[in-house]
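As structure tokens, the structure follows; a few thoughts come after it.
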Number of protein chains: 2
Amino acid sequence: MGKTATIRDVAQRASVSTATVSRVLNDDAHVVEATRQRVMDAIADLRYSRNDVARSLKTRSSRIVGIVSPELTNDFFMGIANGIEAALKKLKYSVIICSSNESRDEEKRLLKVLVEKAVDGVIVIPASDKGSHLKPFQDAGMPIVLADRLVEDFEADAALSDNFGGAREVVAAFIRRGARRIAFIGGASRLSNARERFEGYRAALAEGGIEEEPGIERFGDFHMESGRALMKDLLGRENPPRAFFIANLYMHIGATSFLLSLPEAERRGIRIAGFDSMAYSPLLGFCTLAVEQRIAELGGEAARLIMDRIGKRDKPFPEIVRLPTRLVVTENER
Amino acid sequence: MGKTATIRDVAQRASVSTATVSRVLNDDAHVVEATRQRVMDAIADLRYSRNDVARSLKTRSSRIVGIVSPELTNDFFMGIANGIEAALKKLKYSVIICSSNESRDEEKRLLKVLVEKAVDGVIVIPASDKGSHLKPFQDAGMPIVLADRLVEDFEADAALSDNFGGAREVVAAFIRRGARRIAFIGGASRLSNARERFEGYRAALAEGGIEEEPGIERFGDFHMESGRALMKDLLGRENPPRAFFIANLYMHIGATSFLLSLPEAERRGIRIAGFDSMAYSPLLGFCTLAVEQRIAELGGEAARLIMDRIGKRDKPFPEIVRLPTRLVVTENER
DNA sequence: GCCGCCTATGTAAACGATTACATCGACGGC
DNA sequence: GCCGTCGATGTAATCGTTTACATAGGCGGC
């Protein structure tokens, strides 16, 4: 198990200089076919594999983009990561995916690590509604792109879903299908996309001529437990609603699991319009409508944005991309 | 936006040599407190950040471990990745997570990329039951650890669940709770963990004095669609079983979603024992029992194995770790 | 007071690639 | 036949660290 071969070994074996080897490695023109072939043979013989670390040092480009996600075990975030990875693969870029565990401090620490690793850029799915801790990195020249949501005190390119439009569309469709009194369950309105979805809901109500009823609007935190608690809460009040718009998938799961714990009679006739659908959505028995985000495309756009920003670091203004959502009539309704 | 500061700039500003700066950066002893302080100040003043690429080049260690997973959008695999990341973080290691998209060729390509990136080791969750394409990398000196399952034609350290024991335990419990005629739905028996789970099921039947009935044993491919189809198939036969052991979560979801599409009367009394549980498991309404894998620990063990292997590359034999599972009585049963 | 040793620090050579610049033929135009 | 040009290849500096080795005080023992 000798040391791995270097470009010098290859050069020697092919009787050329390292410059020439490097040229064939990088598909440079200006190298005649015969030479190229000799080099290729030497590479194969020696099982040479280029050392990208050395390459990165010299070229000051690691061809790596960092992704910081609040969680790893979340199909929505990983769907975005997937979209990013697929898009970047074509450009021979790789991706380092890190979990901030929904902590702002960890997010900051990860940025520091990624800077040390000399990634060419970072795509952040923010863990909170704050962004000030990202600023120093951006100021130091690190390209940063936001995905899924915006944050306070920080401006950057961003790839987002049209949360407002999606919510409005699904609630409007819900109304067309006869729902009148529609409760809202969603994330804290301090978070950009939660707020946008809530506003979309309100817009649809207004356009449908339905009076808003603040008593049946509940805000939680994007987690199952929260969805479960809010559903319980709403059903526990006097004259409970029977139709719900639940603006987040995990809250939707939690709410549904609460419904399943009720006696058959109590839950009959309950209908839900949701946001997002995933592999396990067929299990969401009360769901009749949902809007899907174009998750992979969202990742693809984030990838495009980061590459643009890497390419020309002084693009004047942040570019915000809004992806349309898609209305889905759930099978469950039939 | 000047160039970022280097160790030389820091050295100059602190009036020491680069060697000394490097020493304080690496917590080397042999540097007196006053000097250390001066260096720290210079680092802060210049907002110096170490260039890990150069460090890696010199030390021949990138402090990065690659993870190759068949999918990103899969909470089970990402749970493992999470466990790995958490364990490695303590050792100042980072992680590159890549998706092989369940393709062996892509798996191979990723290994090549990771070798170029000079990762210190790779943890592979195999995309198939074949492993021969991993051998050349191992032979070339790359530490490789398997997670979740074993493969043919390739020997390496591995972190696995006790699939046999887990399946046996849950099926035995199922029998104790009155199930007699238990159908099997699982992955192709060519895959190591699918086979092990099937054998666990058979063992439990044998121990419970229940005769095996090959007609109600079905093998699919670990996906929702497959679970759905097999459930449909089993229920479509004459004298269909009412109790099922479904040896994989996604098949379980698929099977459940088929049940939900049936009229109430037809699905009444059906009971399922499952493998794994996740955030959305409360939605699996027919499930009464499940075994949980210790997913995070599995990742932690994989991390330990890879670090061991990185430390002493010539450990004689592959080490196989089997993690116990945990029986869970599902809320749904109450 | 000298010697040896130990501790803090400096010097400079790597690590393995890329690439600006130099070189060297060959070839075509006149 | 000479010169200019251009295409293929080589030479060697460089990227930012780490680290083996050198050095230089300082101090204790005798």
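At whole-Å resolution of the value, CG in A:D9 and P in C:dG16 are 9 Å apart. A:Y48 has its OH atom 7 Å from the C1' atom of C:dA17, to the nearest Å. Between the CG atom of A:N51 and the P atom of C:dA17 there is a distance of 5 Å, given to the nearest Å. In this structure, CD of B:Q37 is placed 17 Å from C1' of C:dA8, rounded to the nearest angstrom. Atom CD of B:Q12 and atom P of C:dT11 are 12 Å apart (whole Å). Distance A:K58 NZ to C:dT18 P: 10 Å, rounded to the nearest Å. Counting to the nearest Å, the P atom of C:dA17 and the CG atom of A:D52 are 10 Å from each other. In this structure, B:I7 atom CD1 and C:dA13 atom C1' are separated by 15 Å, rounded to whole Å.
Across all strands shown, B:N26 has heavy atoms under 4.0 Å from sugar-phosphate atoms exclusively, and none from any base.
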Open item on the list: I'd like to compare against my own output: the B/S/- annotation of nucleotides 5-11 of chain D with a strict under-4.0 Å heavy-atom distance to protein.
Closed with: ---SBBB

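At least one donor-acceptor pair under 3.5 Å links the side chain of B:T59 to the backbone N or O of B:R55. Of the possible polar contacts, none joining the B:E297 side chain to the B:P324 backbone as a donor-acceptor pair under 3.5 Å is found.
In plain terms, the two heavy atoms of A:R149 and A:F222 that are nearest each other are NH1-CE1, 3.6 Å.
Checking B:N51 against A:R60 by side-chain atom types alone, no donor-acceptor pair falls below 3.5 Å. In this model, no donor atom of one side chain and acceptor atom of the other lie less than 3.5 Å apart for B:T73 and A:D75.
For the pair A:R8 and C:dC15, the criterion of a side-chain N or O lying under 4.0 Å from OP1 or OP2 is not met. Using a 4.0 Å cut-off, some side-chain N or O of A:R60 falls inside it from OP1 or OP2 of D:dG16.
With A:V95 as the fixed residue, the side-chain contact (heavy atoms from CB on, under 4.5 Å) test singles out one of A:I67, A:N82, A:I64, A:I123: A:I67.
With DNA chain C read from its 5' end, the first of the two nearest nucleotides for A:R55 and B:T59 is the one closest to B:T59.
The salt bridge (charged side-chain N to carboxylate O under 4.0 Å, His left out) test applied to B:R104 returns no partner, not counting sequence neighbours.
Salt-bridge check for B:E319 with B:R304: passed, with a basic side-chain N closer than 4.0 Å to an acidic carboxylate O.
Atom OG1 of B:T18 is separated from atom CD of B:Q12 by 11.5 Å, given to the nearest 0.5 angstrom.
Direction of the helix axis in the helix from C:dG1-D:dC30 to C:dC30-D:dG1 shifts by 40° between the two five-pair termini, rounded to 10°.
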